[in-house]
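Per chain, numbering begins at 1; letters A, B, ... match sequence-line order. The structure displayed is predicted, hence computed values, not measured ones.
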There are 2 protein chains.
Amino acid sequence: MERIELEPMGAERSGGRTERADAAANRALILCTAERLFRERGVENVCMAEIAEVAGVGKGTLYRRYANKGELCLALMDTQMTEFQDSSLTLFSGLTAQGVPYLEQLARFLRSLVEFTDIHSPLLVEVERAGMIQGVDRLNLPHFWQYMTVSALLRAAERNGELAANLDLEYLGEALLAPLQVDYFRFQRYVRGYSIERIGEGLRALVERLGA
Amino acid sequence: MERIELEPMGAERSGGRTERADAAANRALILCTAERLFRERGVENVCMAEIAEVAGVGKGTLYRRYANKGELCLALMDTQMTEFQDSSLTLFSGLTAQGVPYLEQLARFLRSLVEFTDIHSPLLVEVERAGMIQGVDRLNLPHFWQYMTVSALLRAAERNGELAANLDLEYLGEALLAPLQVDYFRFQRYVRGYSIERIGEGLRALVERLGA
DNA sequence: AATATTAGCGGACTATAGTCCACTTGTCAA
DNA sequence: TTGACAAGTGGACTATAGTCCGCTAATATT
């Protein structure tokens, strides 16, 4: 498994020249302002216009950098997502070396994903909403790498003879991640009242049933 | 299993007296107008203001009947949802009488739910979106009865000794329905390009793995 | 250093959901 | 029949996301 590039709008542009100095300063200012406002008053209670105003830039400037609130939120999570990804990969290497089955690794990955989703759900809500709004064709970055990880583990488990026969692994990866869609996840947490542990255990049970 | 009341804002009010005649006429007019506009131009391209305007009523009137676009869409699906529910229940009685295992019934139910979701996804998108917007506390009617059905079948399967031990049935019901959340479902259909058959089979495989 | 190129900027503008409230009218009870 | 009042109505208003486009100025080229 390989690290997935998580910085679609990072400072080093794919296109060509480096970011202009004033633009870089504004980017930092915007991120910093957004982070503060979100922390003080909650993500859902802060609108884009306000972020621009408090940061002292025009709305056009804000939207040039971040095409919507979701992208901005994604940028704020960037570091933590990368760290989560890296630490997961490191962990897996270790577990594989110890001979821990891939299905077990999958169960643990899902469990830590439950925690990640819980912690970042306010930002993730915006990311998903934006992904939806831009039409179904735009993919959602967090989901993308989560899917890559899950499906890689499923394939490894199959190669390793841990899985029951005739499973549609490609679809299965999606089905296992479906309960982690943020809106649904929040419903389970705050309406159903399920704890993180219960959700993690439920997913573990499902994963275990896939065994031969 | 019992039929679930699907008409939260039907003509016969739970509270008391009958709907005023002029209001009833407007309700019909609104539904009829919305149905036509949605059919002609697509649900997502028709806004509430336009429906009110074309129907010749004020926005206030429209919103008094349907607190948001989701409720309006739900009202438009009302008949079909009821029919789907009734025919599912009838079908189950027959299958149970024939001795078809409950897990098999569950797999078939999910399969028909996949079709239902696919057909009504444009309206369901609005229903779910509205459910989300009104805060996590408002429950989503279609999901509610779907969950009732799934969890009843799971419990029946358990009583009947069809299930593996120590499963968290309550959670499992949610997990099985998660891939049918409309936004996620559309992602699978139109981005991943999965067919209805493939999704149905995927869910069937998952259900079958729950067996003892 | 002068100039051209083009990224960057800002804020007015549109679109849409949904709220509010003063006004109107149907319904029921006397 | 009539009057009270709850139900119903309409449209102005707010809030917010996101677009557009003419102006400005940083950077590259000469």
Side-chain angles (χ1 to χ4, degrees), chain A residues 9 11-30 33-34 37-38 41-73 125-135 138, chain B residues 9 11-30 33-34 37-38 41-73 125-135 138:
Chain A
M9 73 284 302
E12 61 290 336
R13 336 294 292 295
S14 45
R17 75 181 69 184
T18 57
E19 188 176 42
R20 231 164 75 173
D22 55 344
N26 269 342
R27 169 193 305 282
L29 186 57
I30 286 168
T33 304
L37 290 176
F38 287 168
R41 312 221 320 277
V43 177
E44 67 184 4
N45 300 312
V46 178
C47 73
M48 292 294 266
E50 188 180 3
I51 295 169
E53 195 183 347
V54 174
V57 304
K59 280 185 70 171
T61 304
L62 175 54
Y63 275 102
R64 158 169 292 264
R65 281 317 176 315
Y66 304 106
N68 52 56
K69 207 172 171 182
E71 279 194 9
L72 175 56
C73 290
V125 164
E126 299 296 334
V127 174
E128 275 184 20
R129 208 171 62 82
M132 253 43 245
I133 283 170
Q134 316 226 335
R138 180 187 169 70
Chain B
M9 72 279 307
E12 61 289 336
R13 340 290 294 293
S14 45
R17 74 180 71 182
T18 58
E19 187 176 42
R20 234 165 74 171
D22 54 344
N26 269 344
R27 168 192 307 282
L29 186 59
I30 287 168
T33 304
L37 289 176
F38 286 167
R41 313 219 321 276
V43 176
E44 67 185 5
N45 300 313
V46 178
C47 72
M48 292 295 267
E50 190 180 359
I51 294 169
E53 196 183 344
V54 174
V57 304
K59 279 185 71 171
T61 304
L62 175 54
Y63 275 102
R64 157 168 292 264
R65 282 317 176 315
Y66 304 107
N68 51 55
K69 207 172 170 181
E71 280 193 8
L72 175 56
C73 290
V125 164
E126 300 296 335
V127 175
E128 275 184 21
R129 208 171 63 81
M132 253 43 243
I133 284 171
Q134 314 226 337
R138 181 187 168 69

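Minimum atom distance to the side chain of A:Arg65 is reached by C:dC9, of the listed C:dG11, C:dC9, C:dA17. Considering only the side chain of B:Tyr63, C:dT19 comes nearest among C:dC9, C:dT19, D:dT19. If you check D:dG18, D:dG11, D:dG10 against the side chain of B:Thr61, the one that comes closest is D:dG10. Which of D:dT16, D:dT9, C:dT27 sits closest to the side chain of A:Cys47 comes down to D:dT16. Taking every side-chain heavy atom of A:Arg64 into account, C:dA7 is the closest of C:dA7, D:dA7, D:dG18.
With the nearest nucleotide of DNA chain C identified for both B:Ala21 and B:Val46, B:Val46 has the one nearer the 5' end. Both A:Gly60 and A:Asn45 sit near DNA chain D, but only A:Asn45 has its closest nucleotide nearer the 5' end. Mapping A:Asn26 and B:Met48 onto DNA chain C by nearest heavy atom places A:Asn26 at the nucleotide closer to the 5' end.
Regarding B:Lys69, its NZ atom lies at a distance of 15 Å from the P atom of C:dA15, rounded to whole Å. Going from atom CD of A:Glu126 over to atom C1' of D:dT16 covers 12 Å, rounded to whole Å. Atom C1' of nucleotide C:dA17 and atom CD of B:Glu53 are separated by 16 Å, given to the nearest angstrom. To the nearest angstrom, C1' of D:dG18 lies 12 Å from CD of A:Glu71. Atom pair B:Leu72:CG and C:dT16:C1' shows a separation of 15 Å (rounding to whole Å applied). A:Arg129 places its CZ atom 12 Å from the C1' atom of C:dA17, with the value rounded to the nearest Å. C:dA17 atom P lies 12 Å from atom CD of B:Glu44, rounded to whole Å. As rounded to whole Å, 16 Å separates atom P of C:dC20 from atom CG of B:Leu62.
Using a 4.5 Å heavy-atom cutoff, the side chains of A:Val125 and A:Val43 are not in contact. You'll find the side chain of B:Ile51 reaches within 4.5 Å of the side chain of B:Leu72, heavy atoms only. By the 4.5 Å heavy-atom criterion applied to side chains, B:Tyr63 and B:Glu71 are not counted as neighbours.
The two residues A:Ala55 and A:Leu29 make their nearest non-hydrogen contact at O-CD2, 3.1 Å.
Side chain of B:Lys69 to backbone of B:Arg129: no donor-acceptor contact under 3.5 angstrom is found.
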